[in-house]
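Here the structure comes first, spelled out in structure tokens, and everything after it is commentary.
These numbers were taken from a predicted model, which means no experiment stands behind them.
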Amino acid sequence: MAKLYCKVGYATVTETSPGVYEEQIDERYYYGDLVKNSRNLQTAGQVNDNVNISNEISIVSDPYANQNFHSMRYVEFMGTKWKVTSISVQYPRLVLAVGGVYNGQ
């Protein structure tokens with residue numbers, strides 16, 4: 001397992017003007033391990049195949065992460081923000097499964 005220090009983005013929805021809601025991203029840093037590092041090519045009947053990344057990152061959680069894991073949107077790993085697709089709670093760690101590139105904000 002590779003050790004890492006990564007940034008995790010949490011989304012909170014706030015009302016910016018009457019009737020208009022936007023996600024505000026709060027970033028926090030965590031220590032962790034790269035549990036699984038893999039990719040898949042998916043043939044979709046197109047000219048180019050789709051590339052799917054299916055990495056798993058295990059982070060050492062803090063009380064904020066334990067209470068707000070449902071708000072995690074991305075993990076910044078190797079210079080790219082990856083979308084968090086699922087989270088497994090294994091106290092004192094959270095195992096984050098990441099997929100494609102995060103295209104928010």
**Prompt:** What residues form a ring-ring contact (aromatic ring centres under 6.0 Å, His included) with Phe69, not counting sequence neighbours?
**Reply:** none
**Message:** Determine whether Arg28 and Asp26 satisfy the following criterion, side-chain contact (heavy atoms from CB on, under 4.5 Å), listing intermediate values before the conclusion.
**Reply:** CA-CA 7 Å; Arg28 293 177 177 254; Asp26 178 32; 3.5 Å; yes
**Request:** Apply side-chain contact (heavy atoms from CB on, under 4.5 Å) to Val75 and Val84, showing your working.
**Result:** CA-CA 7 Å; Val75 174; Val84 175; 3.7 Å; yes
Could you state the interatomic distance from [atom1] ([X]) to [atom2] ([Y]), rounded to the nearest 0.5 Å?
X	Y	atom1	atom2	answer
Glu56	Ser38	CD	OG	8.0 Å
Glu27	Tyr29	CD	OH	6.5 Å
Phe77	Asn55	CZ	CG	6.0 Å
Leu96	Ser88	CG	OG	9.5 Å

Which atoms form the tightest heavy-atom contact between [X] and [Y], and what is the distance?
X	Y	answer
Thr85	Gly99	CG2-N, 3.7 Å
Gly32	Arg93	CA-NH1, 4.3 Å
Ile25	Gly9	CG2-CA, 4.1 Å

Are [X] and [Y] side-chain neighbours, meaning at least one heavy-atom pair lies under 4.5 Å?
X	Y	value
Thr12	Glu23	no
Tyr31	Leu4	no
Trp82	Val101	yes

**Message:** On the six-membered ring of Tyr10, is Arg73 placed so that its NZ or CZ lies under 6.0 angstrom from the centre and within 45° of the ring axis?
**Reply:**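 Because its charged atom misses either the 6.0 Å distance or the 45° angle limit, Arg73 does not stack over Tyr10.
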**Request:** Would you verify whether the NZ or CZ of Lys83 falls within 45 degrees of the ring axis of Tyr74 while also being under 6.0 Å from that six-membered ring's centre?
**Result:** no
**Test side chain to side chain contact (heavy atoms under 4.5 Å, CB included) applied to Tyr91 - qualifying residues, sequence neighbours left out** = Asn66
**Message:** Could you walk me through whether Glu22 and Val13 satisfy the side-chain contact (heavy atoms from CB on, under 4.5 Å) test, starting with their C-alpha distance in whole Å, then the side-chain angles of each, then the deciding distance to 0.1 Å, before giving a yes or no?
**Reply:** CA-CA 6 Å; Glu22 293 182 1; Val13 178; over 6 Å; no
**Request:** Only counting residues at least two apart or in another chain, list the ones meeting salt bridge (charged side-chain N to carboxylate O under 4.0 Å, His left out) with Lys36.
**Result:**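 Salt bridge (charged side-chain N to carboxylate O under 4.0 Å, His left out) check on Lys36 returns nothing, list empty.
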**Prompt:** Between Ile59 and Cys6, is a side-chain contact (heavy atoms from CB on, under 4.5 Å) present by the stated rule, with each step listed?
**Reply:** CA-CA 9 Å; Ile59 62 169; Cys6 60; 4.1 Å; yes
Should [X] and [Y] be counted in the same cluster of Ile, Leu, Val, Met, Phe, Trp and Tyr side chains packed under 4.5 Å apart?
X	Y	answer
Val95	Met72	no
Met78	Tyr30	yes
Tyr64	Val60	no

**Item:** Backbone N/O of Ser71 and side chain of Asn68: donor-acceptor pair under 3.5 Å
**Value:** no
